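A short write-up of the structure that comes next.
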There are 2 protein chains.
Amino acid sequence: MKNFDFYNPTHIAFGKDRIADLAQLVPATAKVLILVGGASAEKTGTLAQVREALGARTHSTFSGIEPNPSFETAMKAVEMVRAQGFDFLLAVGGGSVIDATKFIAAAVPFEGDAWDILLKFGGNITQALPFGVVLTLPATGSEMNHGAVITRHALGAKLPFRSRHVYPQFAILDPTKTYTLPAKQLANGVVDAFVHTVEQYLTYPVNAPVQDRFAEGLLQTLIEIGPRLLSASEPDYDDRANLVWTATLALNGLIGAGVPQDWATHMIGHELTAKYNIDHARTLAVVLPAMLNERRAQKHDKLLQYGQRVWGIQSGSDEQRISAAIEATRDFFERMGLPTRLSAYGLGQDAVDLVLAQLQAHGMTQLGEHGDVSLAVSRRVLEAAL
Amino acid sequence: MKNFDFYNPTHIAFGKDRIADLAQLVPATAKVLILVGGASAEKTGTLAQVREALGARTHSTFSGIEPNPSFETAMKAVEMVRAQGFDFLLAVGGGSVIDATKFIAAAVPFEGDAWDILLKFGGNITQALPFGVVLTLPATGSEMNHGAVITRHALGAKLPFRSRHVYPQFAILDPTKTYTLPAKQLANGVVDAFVHTVEQYLTYPVNAPVQDRFAEGLLQTLIEIGPRLLSASEPDYDDRANLVWTATLALNGLIGAGVPQDWATHMIGHELTAKYNIDHARTLAVVLPAMLNERRAQKHDKLLQYGQRVWGIQSGSDEQRISAAIEATRDFFERMGLPTRLSAYGLGQDAVDLVLAQLQAHGMTQLGEHGDVSLAVSRRVLEAAL
């Protein structure tokens with residue numbers, strides 16, 4: 001096992017009817033800015049519950065944070081917070097709203113151009129406004145970690161940052177809040193959590209059996225509940241609860257502690273989203289199977305373990321078992337309704353060239369757990385995913 | 001899944017050579033009281049490393065915290081802290097030193113008789129001194145949780161308390177610090193972590209597959225590494241690292257979130273320790289197999305799952321598989337050198353009567369996940385363990 005630090009102070013309030021807990025979780029004297037995406041938080045009644053729980057606290061709402069939240073929109077919220085003196089932020093939504101809130105929390109007290117936060121990947125953050133989360137869309141794990149990704153449309157850039165100052169103080173995870181989600185968003189959430197787990201697990205062995213078994217447990221759970229989430233005629237509380245908790249644990253730092261991490265699939269996926277506006281999870285479904293196949297030699301031992309423990313693949317030569325594990329992964333994504341080929345989005349060779357150019361522009365030339373995913377390797381991955 | 005809260009702000013600094021990190025982890029202006037058990041922290045050189053890392057900070061050492069730490073000893077440290085104005089505590093040791101430090105941290109600012117903290121199980125704690133941990137003995141998980149157990153010899157009582165104010169600010173987990181431990185303490189650590197996990201897992205199903213698989217992953221890891229820890233001629237770093245991280249995760253709140261919990265074995269074990277001074281883990285090894293057998297009907301489904309997933313028991317009738325799972329557990333404890341019968345400690349029927357009287361005196365009359373472990377049930381368990 002490698003040396004590691006693990007620190008995660010976010011208080012999780014999980015279960016039915018937990019939004020009322022805002023009355024205790026938000027400081028009594030806070031002046032609260034609620035941040036939401038589109039109109040759904042209002043339509044579903046979630047915002048009404050939030051406002052009721054906030055009681056006599058002064059609060060206002062900033063609406064319009066888009067999927068793949070933009071620097072441009074976030075800066076409007078920053079101006080509103082500075083102008084009106086809000087001292088507590090409350091993200092009500094999914095990963096996009098939470099990521100934007102993290103950026104806003106860090107940008108409000110930041111001196112100088114806030115875009116520098118992203119150019120330095122958050123290393124220059126020294127303080128942030130306190131904030132909490134009411135999660136309505138399980139997928140990214142942002143509700144219990146210290147990372148976020150922000151897009152700047154003017155530059156065609158989608159960049160990550162992280163800082164120990166942007167852990168949510170609390171996250172309310174009420175699985176019934178997922179009941180109004182369309183099937184596509186549930187499927188995206190399953191695949192997003194799956195690939196988050198794979199990025200921290202499918203590397204090379206470092207004798208960390210607990211991290212391995214925890215990761216395998218998350219993957220097995222997603223494989224069990226994923227198809228049921230799509231086929232259920234009525235939402236099943238436990239399946240929703242297990243999706244929510246699995247997605248949170250897939251990216252709260254735990255399974256990645258003390259082990260190598262990959263993230264090459266994510267970095268390529270981010271460029272596909274930035275360029276073609278494909279949902280984040282859908283880019284991962286396209287890139288991952290091709291990535292695993294390209295790097296089957298480097299990931300040999302873990303691919304065999306993954307095939308055996310997660311998919312029950314026991315027979316055949318090593319190479320046959322590895323191929324079967326990769327195909328099981330591709331088949332799972334397809335069964336969840338996520339295509340695994342660029343052609344499904346009408347993209348061809350010219351897209352490969354454009355994404356490569358973006359990877360080069362963003363310095364993404366030594367990706368992966370060995371740093372050996374060069375631009376040439378990324379090209380082979382994308383061409384295999386055509 | 002049940003509703004739950006999960007909150008754990010302890011910063012884990014894990015790996016080789018991490019004691020030097022104290023220079024950053026302890027506030028620069030802190031006046032530090034180091035707390036240790038016997039002479040081993042001095043003899044092994046750990047205390048010298050700690051003092052070097054503390055640099056110019058004012059510090060002193062309180063030595064003599066005993067296994068099953070006593071109220072009487074802890075109060076001497078409380079007096080020393082109050083008299084000399086220490087504002088940061090640093091526990092260097094295992095669960096006993098950490099538990100005592102938690103109590104001291106809460107007792108220093110407590111107004112009135114500090115024994116009330118235990119009579120109220122910590123519910124009356126409103127503040128505590130900040131403290132950190134340098135772990136030298138993996139077992140109890142106290143380094144990353146908010147609970148502790150304190151013994152008051154004058155009353156023959158061993159009582160638990162917990163409070164969100166007594167999470168360690170940080171815990172340094174250097175697996176090489178376990179290299180000087182005698183085999184008996186390693187074996188105790190394995191069994192202690194094993195039973196902590198079982199208490200949160202072997203109850204009844206609530207459709208919480210992630211918690212189940214995480215718990216099973218911890219148990220499988222302990223079963224893999226336990227015998228190797230005892231037979232190794234030289235300490236193996238990875239085995240030690242996996243023991244340390246497994247023991248921490250077995251009781252940091254994660255696997256118990258959203259699921260029923262038992263703890264009847266622990267409550268009976270505490271009385272055996274208080275009365276006969278048997279090591280904590282050794283009392284658990286005696287009580288657990290008999291407890292599982294007594295409650296095989298109530299734990300039927302989870303015992304089958306445990307047998308299959310943890311021990312690979314696939315064949316036979318339900319009752320045969322349950323018996324095999326319980327016997328595999330007993331055999332594991334015996335292979336680790338921990339007896340599973342009271343008679344191994346020279347205890348007989350009179351001990352059963354005395355422990356029952358203590359359970360009654362401490363109100364332990366409705367134990368277990370269903371609250372149905374009455375004194376009559378506890379009596380049957382103890383008599384079956386003779």
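Lettering follows sequence order; numbering is per chain, from 1. The structure presented is a predicted model; accordingly, all values stated were derived computationally and were not measured.
In this structure, Asp5(A) contributes its side chain and Ala13(B) its backbone to no donor-acceptor pair below 3.5 Å. Between the Arg213(B) side chain and the Leu219(A) main chain, no donor and acceptor come within less than 3.5 Å of each other.
Heavy atoms only, all atoms of each residue included: Asn242(B) and Ala208(A) are closest at OD1-CA, 3.9 Å.
With a 4.5 Å cut-off on side-chain heavy atoms, Lys16(A) and Lys2(B) do not count as touching. Side-chain atoms of Phe6(B) and Thr248(A), non-hydrogen and from C-beta on, never get closer than 4.5 Å to each other. In this structure, the side chains of Pro209(A) and Gln220(B) stay at 4.5 Å or more apart for every pair of heavy atoms. Inter-residue side-chain proximity for Phe214(B) and Val210(A) is flagged as unmet; no heavy-atom pair is nearer than 4.5 Å. Put simply, the side chain of Leu249(B) reaches to within 4.5 Å of the side chain of Leu254(A), judged on heavy atoms.
Within 6.0 Å of the CZ atom in Arg162(B), the count of heavy atoms belonging to other residues, nucleotides or ligands does not exceed 12. Atom CD of Glu52(B) is surrounded by 12 or fewer heavy atoms from other residues, nucleotides or ligands within 6.0 Å.
Most heavy-atom pairs under 4.5 Å with chain A: of the set Thr246(B), Asp174(B), Ile12(B), Val206(B), this distinction falls to Ile12(B). Of all the listed residues (Ala171(A), Gly258(A), Gly217(A)), the one sharing the greatest number of non-hydrogen pairs under 4.5 Å with chain B is Gly217(A). Top candidate by heavy-atom pairs under 4.5 Å with chain A, chosen from Arg18(B), Glu224(B), Met144(B), is Arg18(B).
Contact annotation for Ile225(B): neither backbone nor side-chain heavy atoms come within less than 4.5 Å of a heavy atom of chain A. Using a 4.5 Å cut-off between heavy atoms, Arg164(A) contacts chain B through its side chain alone, with no backbone atom that close. Residue Asn8(B) touches chain A through its backbone alone, counting heavy-atom pairs closer than 4.5 Å. For Leu173(B), no part lies under 4.5 angstrom from a heavy atom of chain A.
For residues 226-241 of chain A, a heavy-atom distance under 4.5 Å to chain B picks out Tyr237(A), Asp238(A), Ala241(A), given by residue number.
Aromatic ring pairs are classed by plane angle as parallel below 30°, tilted from 30° to 60° and perpendicular above 60°; the pair Phe14(A) and Phe4(B) is parallel.
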